Amino acid sequence: MTDPQQALARLMTTALAAAYGPDHADADPLIRPSQFADYQSNVALSLAKRLNRPPREIAAELAGRLGDSEVIETAEVSGPGFINLTLREDWIAAQATAQLADPRLDVAEAAPAQTTVVDYSGPNVAKELHVGHLRATVVGDAVVRVLEHLGHKVVRAAHLGDWGTPFGMLIENALDIGEEATHDQLATGEFTAFYQAARAKFDTDPAFAVRSRRRVVELQAGDEQTLRLWRRFVDDSMEYLHKIYSVLDITLTDADMDPESFYNPMLADVCAELEADGVAVISDGALCAFPPGFTGRDGGPLPLILRKSDGGYGYATTDVAAIRYRLGKLGATRLIYVVGSEQHQHLLMVFAVARQAGWLTDAASAEHAEIGLVTAPGGGRLRTRSGDQAKLITLIEEAIDRAERVIAERYDDPGLRRQIAEAVGIGALKYGDLSVARNSSYALDFDRMLALTGNTGPYLQYATARIRSIFRKGEISLDQATGPVRITEHAERELALQLLGFGAAVWQVSEAAEPHKLAAFLFETASAFTTFYEKCPVLQAPEESVRSSRLALSALTLRVLLAGLDLLGIPVPERM
Ligand code: ARG
């Protein structure tokens with residue numbers, strides 16, 4: 001384990017035990033990056049009360065015990081009782097050499113592994129993906145990749161909305177314009193137009209509305225012909241979704257769709273169980289749960305409606321059945337819902353009901369990884385000219401087209417140019433999303449996202465291409481660069497120390513489902529490499545041992561960037 005912060009924490013724990021006995025060894029060592037040294041520890045301040053001693057005295061005691069080690073060069077007391085910690089250069093170099101030789105690049109595996117369900121993307125049958133789905137899809141997929149890399153068993157669940165009353169009017173409209181004509185229209189991905197046409201008829205043609213309602217009843221009753229018509233919408237949608245997911249390099253497959261209809265056979269049973277346990281009660285003819293702590297606008301208890309007074313089930317019922325299934329049947333111990341913030345209260349109520357029912361115990365956790373808005377450049381919703389939410393496919397195409405213009409003059413071969421533009425455009429769009437904290441909103445700005453400098457996808461892709469070109473120019477294969485790493489310049493030290501933080505950065509993503517922490521780490525890594533490359537000639541290094549050390553640092557940087565971008569799901573072109 002080479003992560004400096006963890007290595008220091010372990011040494012501090014040993015020092016605490018030696019100085020104050022095992023009772024105090026469990027104090028959090030509070031190791032943080034520092035402006036004045038590599039790291040600082042604030043543990044003396046936190047212990048002062050507990051030990052009833054001045055913090056500077058505690059800091060001096062601990063510093064005295066830390067000074068002499070293979071890891072630490074100096075430990076100095078500063079200010080009211082901070083301990084400034086500077087690492088030994090030979091330790092940093094040895095760790096970097098070891099990290100380069102490690103296929104996992106020193107990313108520790110989880111022990112024990114957990115079964116985690118990640119509910120993400122949230123598509124709906126017969127609807128196109130719009131800008132709102134971008135983040136729930138891209139962030140969820142990065143979280144899935146990271147958790148799997150750490151060794152967890154991950155169940156992907158898109159919770160496809162394939163059920164509900166709109167299917168009545170959709171099926172009737174399909175019959176009106178003809179099944180094949182419908183299929184042909186939907187095969188082009190034009191779901192929105194079809195949906196809007198059905199909706200318009202429903203609102204203006206009373207006979208159509210009557211037929212549509214009757215069709216819903218038939219669908220729910222499992223009428224064979226109706227189910228067949230419905231399945232056609234589902235199949236067309238799956239094909240459409242699959243296409244977008246594959247363009248975006250999203251790891252969801254048809255087997256991961258986890259459609260709402262899957263839970264239909266469980267809904268009656270879930271309601272019966274909750275009613276028998278007293279978690280749900282009949283209120284105004286509907287079966288409702290009133291989880292504690294949720295109140296409506298009038299201050300009264302807020303219901304989660306499980307069965308409407310007409311006997312129908314809704315979105316909430318399905319989510320309650322899904323959480324029971326995931327915890328019970330799948331045996332998941334962690335549930336992550338990567339879903340828009342507007343569903344926060346709904347999901348918290350579902351979690352609360354699961355807790356009341358005894359399905360969600362302390363042995364498991366349920367988290368809402370909230371997703372914020374993507375807005376238009378000036379704020380406000382991103383819309384098409386007709387006022388609908390911007391389609392995801394349009395954004396993807398625009399990103400690729402613009403990327404092609406950015407790199408156009410560098411490539412004559414149109415095929416190669418398009419191929420690189422796809423990686424750059426998709427990379428820019430995904431990275432632009434992943435580099436922002438997932439719960440804050442951001443404005444979609446193609447010029448900024450596609451810039452070759454700053455915290456952007458293309459900047460990181462370009463950093464990898466530049467490192468590859470060093471090896472090409474020197475006619476050295478990557479695996480030949482094994483070091484050892486030696487530190488002769490400050491910029492080498494900074495880069496090596498930065499690279500050692502890779503494992504911690506990956507782990508941070510898993511903690512609260514926050515890919516932007518890994519994105520920030522990769523940007524800092526590319527920046528540290530840029531400084532290193534400006535200050536330290538690699539192929540023209542003054543000595544052979546320095547040259548091979550710098551090649552090793554370059555190779556390690558490349559491998560960390562590639563591994564990190566892969567975990568985020570960002571494609572990387574070989575050349576740029
Ligand atoms: N399909 C839903 C929507 O469009 C999102 C699903 C989110 N996941 C869930 N388990 N409720 O709003």
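A quick note: this is a predicted structure, and the numbers were derived from the prediction, not measured. Both ligands and their constituent atoms are indexed starting at 1 by order of listing. The residues of the chain are indexed from 1 along the displayed sequence.
Ring geometry for Phe262 versus Tyr325: interplanar angle over 60°, hence perpendicular rather than tilted (30 to 60°). Aromatic ring orientation, Phe351 versus Tyr337: tilted (interplanar angle from 30° to 60°).
Checked for salt-bridge contact, Arg418 and Asp401 meet the test: a charged N lies under 4.0 Å from a carboxylate O.
Residue contacts with ligand 1: His133 is excluded, as none of its non-hydrogen atoms falls under 4.0 Å. At least one heavy atom of Pro123 sits closer than 4.0 Å to an atom of ligand 1. Ligand 1 has Tyr315 within reach: a non-hydrogen atom of the residue lies less than 4.0 Å from it.
The contact set between ligand 1 and Val339, taken as ligand atoms under 4.0 Å from a residue heavy atom, comprises 7 (C), 8 (N). Taking a cut-off of under 4.0 Å to the non-hydrogen atoms of Tyr337, the atoms of ligand 1 that pass are 10 (N).
From Tyr313, atom OH reaches atom SG of Cys271 across 5.0 Å, with rounding to the nearest 0.5 Å. Rounded to the nearest 0.5 angstrom, Ser121 OG and His159 NE2 are separated by 12.5 Å. One finds the NE2 atom of His130 at 4.5 Å from the CD atom of Gln389 (value rounded to the nearest 0.5 Å).
The protein heavy-atom contact nearest to atom 12 (O) of ligand 1 is Gln343 NE2, 2.9 Å. Remark: minimum distance from atom 1 (N) of ligand 1 to any protein heavy atom is reached at Asn124 OD1, 2.9 Å. Protein heavy atom in closest approach to atom 8 (N) of ligand 1: Asp119 OD1, 3.0 Å.
Remark: ligand 1 and Asp319 share an N or O pair separated by less than 3.5 Å (distance only, no angle test). Considering backbone and side-chain N/O of Gly161, none are found under 3.5 Å from N/O of ligand 1.
For Phe523 and Tyr459, the gap between ring centers is short of 6.0 Å.
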